[in-house]
Protein chains: 2
Amino acid sequence: MYGQFCPVSKAMEVLDERWTMLVVREMLLGSTRFNELRRGVPRMSPALLSKRLASLERAGVVRREGAGVRTSYHLTQAGEELGPIVDALGVWGMRWASELGDQDLDPHLLFWDMRRTTPVEKWPRERRTTVAFELDDVPPKVARWWLVVSGGETDVCDFDPGFEVDARVLTGLRPLTHVWRSDWSWPSALRKGVVRIEAPTELRRALPDMIGHSNVAELMQNA
Amino acid sequence: MYGQFCPVSKAMEVLDERWTMLVVREMLLGSTRFNELRRGVPRMSPALLSKRLASLERAGVVRREGAGVRTSYHLTQAGEELGPIVDALGVWGMRWASELGDQDLDPHLLFWDMRRTTPVEKWPRERRTTVAFELDDVPPKVARWWLVVSGGETDVCDFDPGFEVDARVLTGLRPLTHVWRSDWSWPSALRKGVVRIEAPTELRRALPDMIGHSNVAELMQNA
DNA sequence: CTGTATCCATGGCGATACTG
DNA sequence: CAGTATCGCCATGGATACAG
């Protein structure tokens with residue numbers, strides 16, 4: 001492909017195809033099923049995802065388990081060892097490619113990402129807690145979201161689940177994305193009013209910690 | 001491009017295009033001029049290299065200096081910070097993508113790589129030393145190479161420079177590449193006879209160290 | 001030496017629909 | 001749920017020539 005013996009080029013032959021690293025990222029984050037992976041790369045066509053999974057399997061990065069209706073995908077040792085590289089790419093991206101166009105904002109991805117890393121141990125243990133988000137800078141169809149934590153499980157809905165709402169977060173997709181990425185801190189976002197929380201005082205104060213940050217934001221702090 | 005706010009995807013928007021990482025690798029290794037870069041990515045067309053350099057400049061990874069006949073390219077801070085990622089990709093490639101097809105072997109690249117990392121301090125200081133390489137598994141046109149170290153400078157020729165030859169290395173492109181990458185150790189290669197050195201005893205024993213290893217091989221040892 | 005210009009073929013990939 | 005099938009465009013990028 002590149003015609004070079006250099007191991008960097010051999011690595012990039014496997015990894016530089018469009019979408020490939022994002023699929024690996026999804027698997028590092030724990031996705032194993034086809035449609036689970038699709039949620040992490042929604043703009044990728046299923047045909048292409050299938051093709052990439054096959055490539056990665058051939059390259060020894062992914063192992064396919066089961067077949068037909070119960071197929072799952074797992075990283076091999078080679079795949080797991082891409083973890084530090086993906087992390088480093090994330091840190092580099094935060095530092096040097098942090099300008100987000102409107103095209104980069106996607107509420108489905110944002111809440112899907114929030115769902116999987118919600119620190120449930122910071123939420124009330126014994127009762128269900130529902131937080132409603134209202135985004136003022138997107139079409140009405142995708143403006144309302146509900147985050148429900150109950151029994152140590154997190155759910156996200158883009159429709160009203162009908163539960164009593166414990167807190168409302170009034171903001172926009174862009175501010176919420178920046179806060180989630182830790183481009184903006186919660187305090188400054190609240191101070192500027194680009195994010196507003198309506199809830200009883202205690203919950204209002206605790207909510208930023210309960211929502212947390214994207215895992216790349218965590219990496220930045222440790223670096 | 002990917003439509004994701006995730007910094008990994010933003011990073012890959014800059015880095016996942018074909019050849020891009022190899023251009024960055026060349027710059028990390030010190031190349032600054034257009035034709036110098038070309039030697040490191042000989043299968044890349046000049047038009048495409050030009051295009052990639054422009055992209056990297058737009059992305060803030062590369063800074064162009066001068067213009068016209070004396071242009072040079074330098075990594076910015078963002079570019080330098082790709083160093084650890086490229087290193088990690090190299091280590092990963094050594095571990096998990098080390099099978100080399102015949103297409104991956106290239107004597108020009110091999111000797112160009114050897115030239116730039118030759119540990120000249122291990123070579124005789126006061127006199128010129130010439131090592132002739134003869135490869136038995138490639139067309140005659142690219143089978144003979146000369147490595148000349150003189151006055152702390154290394155030169156590589158694909159034609160007979162006419163100097164007295166101090167050592168001859170008889171091998172093939174594939175074995176030499178594997179030894180250079182440290183896939184095979186010098187001692188085992190010599191023992192198996194896939195590499196032969198003809199030289200006075202002292203030089204014969206010292207030559208492996210004088211030639212050294214690819215810089216990725218060094219990284220592997222430190223990991 | 002440092003690129004640009006041009007051309008063309010290939011196939012990557014996006015979109016959509018459909019199937020076991 | 002887990003993919004395949006099909007289609008068609010357009011952009012990528014390989015090759016070559018040439019220009020300042």
Side-chain angles (χ1 to χ4, degrees), chain A residues 1-4 9 12-24 26-27 30-59 62-75 101 103-104 106 108-109 112, chain B residues 1-4 9 12-24 26-27 30-59 62-74 103-104 106 108-109 112:
Chain A
M1 186 127 184
Y2 280 124
Q4 301 204 352
S9 72
M12 290 315 281
E13 287 181 6
V14 176
L15 302 170
D16 73 356
E17 273 180 316
R18 186 163 161 73
W19 293 109
T20 296
M21 275 300 212
L22 305 197
V23 173
V24 171
E26 287 306 306
M27 299 193 68
S31 294
T32 60
R33 313 297 296 277
F34 193 83
N35 282 354
E36 208 177 358
L37 289 166
R38 284 193 68 178
R39 295 193 63 172
V41 283
R43 312 265 281 251
M44 189 181 191
S45 80
L48 192 50
L49 173 55
S50 175
K51 192 175 162 186
R52 283 290 181 277
L53 287 168
S55 297
L56 287 170
E57 194 181 6
R58 253 182 285 115
V62 161
R63 180 172 28 83
R64 179 189 301 240
E65 247 168 45
V69 84
R70 232 52 198 139
T71 315
S72 66
Y73 299 89
H74 303 269
L75 291 174
Q103 301 299 334
D104 297 323
D106 180 334
H108 292 91
L109 271 174
W112 170 243
Chain B
M1 185 124 187
Y2 280 125
Q4 303 204 352
S9 73
M12 289 315 281
E13 286 182 7
V14 176
L15 302 170
D16 74 354
E17 275 179 316
R18 185 163 162 73
W19 292 110
T20 296
M21 274 302 210
L22 305 196
V23 173
V24 171
E26 286 308 305
M27 300 193 68
S31 293
T32 59
R33 313 298 296 280
F34 193 83
N35 281 355
E36 208 176 358
L37 289 167
R38 285 192 67 180
R39 296 192 62 173
V41 283
R43 313 263 281 250
M44 189 181 191
S45 80
L48 192 51
L49 173 57
S50 175
K51 191 175 163 187
R52 285 290 181 277
L53 286 168
S55 297
L56 286 170
E57 194 181 6
R58 254 182 286 113
V62 162
R63 179 172 29 82
R64 180 189 303 241
E65 246 168 45
V69 84
R70 233 48 198 145
T71 316
S72 66
Y73 299 89
H74 304 269
Q103 302 298 333
D104 298 323
D106 180 333
H108 292 90
L109 273 174
W112 169 243

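Each chain gets a letter, A, B and so on, in the order its sequence line appears, and its residues count up from 1.
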Self-check item: Separation of atom CZ in A/R38 from atom P in C/dT16, rounded to whole Å
Solution: 13 Å
Exercise. Can you tell me the distance, in whole Å, between the CZ atom of A/R43 and the P atom of C/dG14?
Key: 10 Å
Quiz item: Which nucleotide in the list C/dA15, D/dG13, C/dG3 gets nearest to the side chain of B/L48?
Solution: D/dG13
Exercise. Check the distance between C/dG12's C1' and A/E17's CD and give it to me in whole angstrom.
Key: 9 Å
Quiz prompt | Value in whole Å for how far the C1' atom of D/dT12 lies from OH of A/Y2 | solution = 12 Å
Quiz item: Expressed in angstrom and rounded to an integer, what is the separation of A/L53 atom CG from D/dG3 atom P?
Solution: 8 Å
Practice problem: Ignoring backbone atoms, establish whether A/Y73 has a side-chain N or O less than 4.0 Å from OP1 or OP2 of D/dG3. | Solution: yes
Quiz item: Are more than 12 heavy atoms from other residues, nucleotides or ligands located less than 6.0 Å from atom CD of A/E65?
Solution: yes
Quiz item: Can a side chain N or O of A/R64 be found less than 4.0 Å away from OP1 or OP2 on D/dG3?
Solution: yes
Exercise. Ignoring the backbone of A/R70, work out which of D/dA15, C/dG3, D/dC1 is nearest its side chain.
Key: D/dC1
Practice problem: Using only side-chain N and O atoms of A/W19, determine if any of them is under 4.0 Å from OP1 or OP2 of C/dG12. | Solution: no
Quiz item: A/M44 has an atom CE; how far is it from atom P of D/dG3, in whole Å?
Solution: 13 Å
Quiz item: Taking the side chain of A/R52 as heavy atoms from C-beta outward, which of C/dC13, D/dG3, D/dG13 is closest to it?
Solution: C/dC13
Quiz item: Can you find a side chain N or O atom of A/R18 that sits less than 4.0 Å from OP1 or OP2 on C/dG14?
Solution: yes
Quiz item: Just to confirm, is there a sub-4.0 Å distance from OP1 or OP2 of D/dG3 to any side-chain nitrogen or oxygen of A/T71?
Solution: yes
Exercise. Would you check if the side chain of B/E13 reaches a backbone N or O of B/Y2 as a donor-acceptor pair within less than 3.5 Å?
Key: yes
Practice problem: Measure from the side chain of A/P46, starting at C-beta and using heavy atoms only, and say which of D/dT16, C/dT16, C/dC1 lies closest. | Solution: C/dT16
Quiz item: Can you tell me how far P of C/dG14 sits from CG of A/L49, to the nearest Å?
Solution: 12 Å
Quiz item: Want to settle it: does B/K51 or B/S45 sit nearer the 5' end of DNA chain D, counting the closest nucleotide to each?
Solution: B/K51
Quiz item: Can you tell me how far P of C/dC13 sits from CG of A/L22, to the nearest Å?
Solution: 12 Å
Practice problem: Using a strict cut-off of less than 4.0 Å between a Lys/Arg side-chain nitrogen and an Asp/Glu carboxylate oxygen, indicate whether B/E36 and B/R38 qualify as a salt bridge. | Solution: no
Quiz item: Between B/V62 and B/M27, is any pair of side-chain heavy atoms under 4.5 Å apart?
Solution: yes
Exercise. List the steps, then state whether side-chain contact (heavy atoms from CB on, under 4.5 Å) holds for A/T20 with B/D16.
Key: CA-CA 9 Å; A/T20 296; B/D16 74 354; over 6 Å; no
